Amino acid sequence: MGNRATIAVETSTSKAVVYIYLHWNGSREQVIDVVKAAAPRMRKSDVSYATARLIGEFHNLIDGGLSLGVTAAAEENREHYDNGHYTIDIGSGTITQEVMSVDSDTWSGAVVAQNIKLGAF
């Protein structure tokens, strides 16, 4: 039980290097708010740098030593419960939320935020 999600940071040409795992802060509103707060420090052209800054923002938000993790970017590590999986496309400034269908093992997704301004450095 929780408010779980996984997050991938990528571009159209560069896939996620890791997934960020959240146990309690994975609602759509929370993820969008944290991404927007981190965005000015997230390097628009570099998946690794942008991911590190987003992890840092979540780290500052979440007290204690639990509820925030990093795992290999692999299909079996995508969150299948609660809020599903978010993909932050740093090239286009969009966030897509994908959830697993209850009736089948298929993902469906929708853009939940766009026009996020990331750091251009």
Side-chain angles (χ1 to χ4, degrees):
M1 194 164 162
N3 192 14
R4 298 168 291 189
T6 51
I7 301 172
V9 176
E10 57 189 39
T11 69
S12 62
T13 59
S14 201
K15 294 300 176 192
V17 291
V18 297
Y19 288 163
I20 302 166
Y21 170 77
L22 302 170
H23 189 83
W24 290 110
N25 298 83
S27 75
R28 180 183 298 179
E29 296 78 18
Q30 289 171 308
V31 169
I32 292 170
D33 287 348
V34 174
V35 170
K36 285 181 176 179
R41 293 178 308 285
M42 292 174 70
R43 194 175 191 177
K44 181 178 182 172
S45 62
D46 191 305
V47 167
S48 294
Y49 274 66
T51 302
R53 291 300 181 166
L54 184 58
I55 291 168
E57 193 71 30
F58 276 111
H59 169 75
N60 289 336
L61 174 73
I62 299 170
D63 289 331
L66 301 173
S67 302
L68 173 63
V70 178
T71 187
E75 181 66 29
E76 64 269 15
N77 293 331
R78 288 171 58 139
E79 182 56 59
H80 294 145
Y81 306 103
D82 298 330
N83 300 292
H85 181 78
Y86 297 92
T87 301
I88 295 131
D89 185 325
I90 57 174
S92 65
T94 61
I95 302 173
T96 303
Q97 183 181 17
E98 298 174 279
V99 293
M100 177 70 76
S101 170
V102 176
D103 300 329
S104 66
D105 286 339
T106 59
W107 290 92
S108 61
V111 173
V112 296
Q114 52 192 356
N115 299 320
I116 298 170
K117 304 294 181 214
L118 290 106
F121 43 89

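Predicted model only: the values in this text are computed from it and were never measured. The residues of the chain are indexed from 1 along the displayed sequence.
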From [X] atom [atom1] to [Y] atom [atom2], the distance as rounded to the nearest 0.5 Å:
X	Y	atom1	atom2	answer
H23	E79	NE2	CD	9.0 Å
H59	S67	NE2	OG	13.0 Å
K44	K117	NZ	NZ	7.0 Å
E10	K15	CD	NZ	4.5 Å
S45	L118	OG	CG	10.0 Å
I116	I90	CD1	CD1	11.5 Å

Residue pair [X] / [Y], side-chain heavy-atom distance below 4.5 Å:
X	Y	result
E98	R78	yes
V34	L54	yes
L22	L68	yes
Y21	R4	yes
V31	N83	no

So Q30 and L61, side chain to side chain contact (heavy atoms under 4.5 Å, CB included) or not? Walk me through it. CA-CA 10 Å; Q30 289 171 308; L61 174 73; over 6 Å; no

Note: F121 and M42 closest approach over all heavy atoms is CZ-C, 4.3 Å

At their closest point, which heavy atom of A16 faces which heavy atom of A73, and how far apart are they? O-CB, 3.5 Å

Please answer: with hydrophobic residues joined when any side-chain heavy atoms are less than 4.5 Å apart, are [X] and [Y] in the same cluster?
X	Y	value
V70	Y86	yes
I88	V47	yes
Y19	V112	no
I32	V9	yes
V35	I7	yes

Is the number of heavy atoms from other residues, nucleotides or ligands under 6.0 Å of R53 CZ greater than 12? no

Carefully, step by step, assess T6 and N77 under the rule side chain to side chain contact (heavy atoms under 4.5 Å, CB included). CA-CA 8 Å; T6 51; N77 293 331; 5.9 Å; no

